[in-house]
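FYI, side chains are in, hydrogens and waters are out, and symmetry mates aren't considered; it's all heavy atoms of this structure. Each chain gets a letter, A, B and so on, in the order its sequence line appears, and its residues count up from 1.
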Amino acid sequence: MLELQVIRANPGLIKERLSVKNVAQLQLVDTILELDDRRKALQQQVDSLLNQINTLSKEVGDLFRSGKKEEAEAMRQQSSNIKEQVSALETEAKQTETLLQETLVQLPNLPNVLVPPGKTPDDNEVVATHGEFPDLPMHAKPHWELAVQYNLINFELGTKITGAGFPVYSGKGAKLQRALINFFLNEATAAGYTETMPPHVVNEASAYATGQLPDKEGQMYHVGIDNFYLIPTAEVPLTNLFRDEILKEEDLPVKICGYTPCFRREAGSYGKDVRGLNRLHQFDKVEIVQIQHPDASYSTLNDMVQHVAGLLQKLQLPYRIVRLCGGDMSFASALTYDFEVYSAAQKRWLEVSSVSNFETFQANRLKLRFRDSQTKKNRLLHTLNGSALALPRIVAALLENNQTVNGINIPAVLQPYTGFATIGREA
RNA sequence: GGAGAGAUGGCCGAGUGGUCGAAGGCGCACGCCUGGAAAGUGUGUGUACCCCACAAGGGUACCGAGGGUUCGAAUCCCUCUCUCUCCGCCA
């Protein structure tokens, strides 16, 4: 949620920046300002009337104690009358406030100046490319065929027990998952992130605070009986750990990481590009989160990008880094870098990570602040997060890129974690 | 799931209709004391919104959340949430 003070201070700039994200209803900004003015005016009236009541009440008390019954009675009546005015005004003030909030949450975050204009992924800007495309054997197979051939993943079994998009990993397929999770967690820990195991189910307030609600209601699995949501990413519980907190400046940055499964309904995405591991309803991911001083958050964003790049380099996967255009970035983000690995048999770039700076957008809803040592005032912090990494497409690329006619080679860094160097050759 | 108890400021803990934004203690900050420190001692110490110059000063709200009674509610009533204890069930 954008800060009201910021909108008030410079509505023109807000509109200009929002247009980079292709926000159609720029008049929402004006609506917000009008509602804010109305709210303020109403609140002032209410406050002034309440002040009168408070003053009268004290006098009534004094008069009763000193036995002046008639005067007290008169004042009591007067106070009663004022209260009737108050309740009407209060109702209106509350409605205005609600309306203001509802309008405010409809505005996405402002894009950073680096964000290229554009509407579709075609307008994204490739900022770096790394690694060589592998030479695959003749008749190279896509990962969904390799997964079946080597008994790594059973898509049909998953369909039986749950539905499409819930694969069952077994044998070396399952061990590879566990190896990747451990590898990613160890790397994150080595980089100073504190490992955290959060709940996989969150309440409405948490989903709201990180911006999944009301924007992406239909994308989350909802547990109706308890009004909980299955997490679409560890970002939700990990960031909400700090909801309503006021941190000390010397504790910054806060760095945490966590592995969780992620659940996404992916409503409306049936059809193409969803084969095999390309798009799932449940998948595993290690997430890194940082909470940082506003002055340092962009340098932190770069650190996080470098961390993710390092993982892909160690896994020896060809990748590119893409700066998302205004139309492709998420609602809450100010600047996002996507990582895409090249999956050689499919001949496609697959998104495996998204690293974003949300600036104060999430912190505002979270009420996540720090005490500024200069001004002695509480200020909103910046929140950042990134996938490091999401497993399925990494697995897809590993299987496809490292296939030989005899089997699949495991990258050297993973072998201590898997306990095997190849898939297929010996079994 | 059943029975009972409770939810107060960073923490502990008073407070059952008015003088309570809230005693007292701890913690913290600044000062005094000291060669330095401890002890002692003095002062201060929440959040949000609004007026105003984001100053001084002032107003309003907040004692788990939301409603209600009342001239006036931390205090009375209702609903909800959460925590604790005992029982039941259970990885």
Compare side-chain N and O positions of [X] against OP1 and OP2 of [N] and report whether any pair is under 4.0 Å apart.
X        : N      : answer
A:Arg8   : B:rC54 : no
A:Lys248 : B:rG10 : no
A:Asn54  : B:rG59 : no
A:Arg38  : B:rC50 : no

Spacing of [X] atom [atom1] relative to [N] atom [atom2], expressed in whole Å:
X        : N      : atom1 : atom2 : answer
A:Lys94  : B:rU60 : NZ    : C1'   : 14 Å
A:Arg39  : B:rC50 : CZ    : C1'   : 8 Å
A:Leu4   : B:rC49 : CG    : C1'   : 11 Å
A:Arg379 : B:rA48 : CZ    : C1'   : 18 Å
A:Asn51  : B:rA61 : CG    : P     : 9 Å
A:Glu250 : B:rA29 : CD    : P     : 11 Å
A:Leu56  : B:rG59 : CG    : C1'   : 16 Å
A:Gln44  : B:rG58 : CD    : C1'   : 13 Å

Expressed in whole Å, how much space separates the [atom1] atoms belonging to [N] and [M]?
N      : M      : atom1 : value
B:rU79 : B:rA14 : P     : 27 Å
B:rC90 : B:rG1  : C1'   : 12 Å
B:rG67 : B:rC54 : C1'   : 36 Å
B:rG21 : B:rG44 : C1'   : 16 Å
B:rA73 : B:rA61 : P     : 9 Å
B:rU69 : B:rC77 : P     : 15 Å
B:rA23 : B:rA5  : P     : 29 Å
B:rU85 : B:rA74 : C1'   : 25 Å

Nucleotide forming a Watson-Crick or wobble pair with [N], both distances under 3.5 Å:
N      : value
B:rU79 : B:rA65
B:rG88 : none
B:rA14 : none
B:rC20 : none
B:rG72 : none
B:rC32 : B:rG40
B:rC49 : B:rG59

Determine the contact category for [X]: base if any of its heavy atoms lies under 4.0 Å from a base atom, sugar-phosphate if only primed atoms, P, OP1 or OP2 are that close, otherwise nothing.
X       : result
A:Asp62 : nothing
A:Leu50 : sugar-phosphate
A:Lys58 : nothing
A:Gln43 : nothing

Take A:Glu250 and A:Lys248 through the salt bridge (charged side-chain N to carboxylate O under 4.0 Å, His left out) test and state the conclusion after the steps. CA-CA 5 Å; A:Glu250 60 263 31; A:Lys248 291 183 193 138; 5.2 Å; no
So if I take every side-chain heavy atom of [X] and compare against [options], which nucleotide ends up nearest?
X        : options                : value
A:Asp47  : B:rG59, B:rA48, B:rG18 : B:rG59
A:Asn378 : B:rU47, B:rG59, B:rG18 : B:rU47
A:Gln5   : B:rC50, B:rC49, B:rG59 : B:rC49
A:Arg369 : B:rC50, B:rU70, B:rA48 : B:rA48
A:Arg371 : B:rG18, B:rC51, B:rG46 : B:rG46

Should the pair [X] and [Y] be assigned to parallel (<30°), tilted (30 to 60°) or perpendicular (>60°) ring geometry?
X        : Y        : answer
A:Tyr193 : A:His307 : tilted
A:Phe263 : A:Tyr221 : perpendicular
A:His222 : A:Tyr229 : tilted

What are the residues of residues 197-213 of chain A, sorted by number, that bring a heavy atom to within less than 4.0 Å of RNA chain B? none
Tell me which residues in residues 68-79 of chain A lie within less than 4.0 Å of RNA chain B, going by non-hydrogen atoms. A:Arg76, A:Ser79
Using heavy-atom distances to pick each residue's nearest nucleotide on RNA chain B, tell me which of A:Ser48 and A:Lys377 is more 5'. A:Lys377
Pair A:Lys94 + A:Glu97, salt bridge at N-O below 4.0 Å: no
Between A:Gln177 and A:Asp284, a side-chain donor and acceptor under 3.5 Å: yes
No-hydrogen, no-angle side-chain donor-acceptor test under 3.5 Å, A:Arg393 and A:Ser343: no
Donor-acceptor contact present, side-chain A:Ser353 to main-chain A:Ser387, <3.5 Å: yes
Between CD of A:Glu235 and OG1 of A:Thr210, what distance do you get to the nearest 0.5 Å? 5.5 Å
Under the rule for salt bridge (charged side-chain N to carboxylate O under 4.0 Å, His left out), what residues qualify as partners of A:Lys367, not counting sequence neighbours? none
Which residue is it: A:Gln44, A:Gln45, A:Gln43? I am looking for the one with a side chain to side chain donor-acceptor pair (under 3.5 Å) to A:Asp47. A:Gln43
Report yes or no: is the cationic atom of A:Lys172 (NZ for Lys, CZ for Arg) closer than 6.0 Å to the six-membered ring centre of A:Tyr150, at no more than 45° off its axis? no
I'd like to know whether A:Arg275 forms a side-chain hydrogen bond (donor to acceptor under 3.5 Å, both in side chains) with A:Asn278, so could you lay out the CA-CA distance, the side-chain angles of the two residues, the decisive distance to 0.1 Å, and finally the verdict. CA-CA 6 Å; A:Arg275 289 203 71 176; A:Asn278 288 349; over 6 Å; no
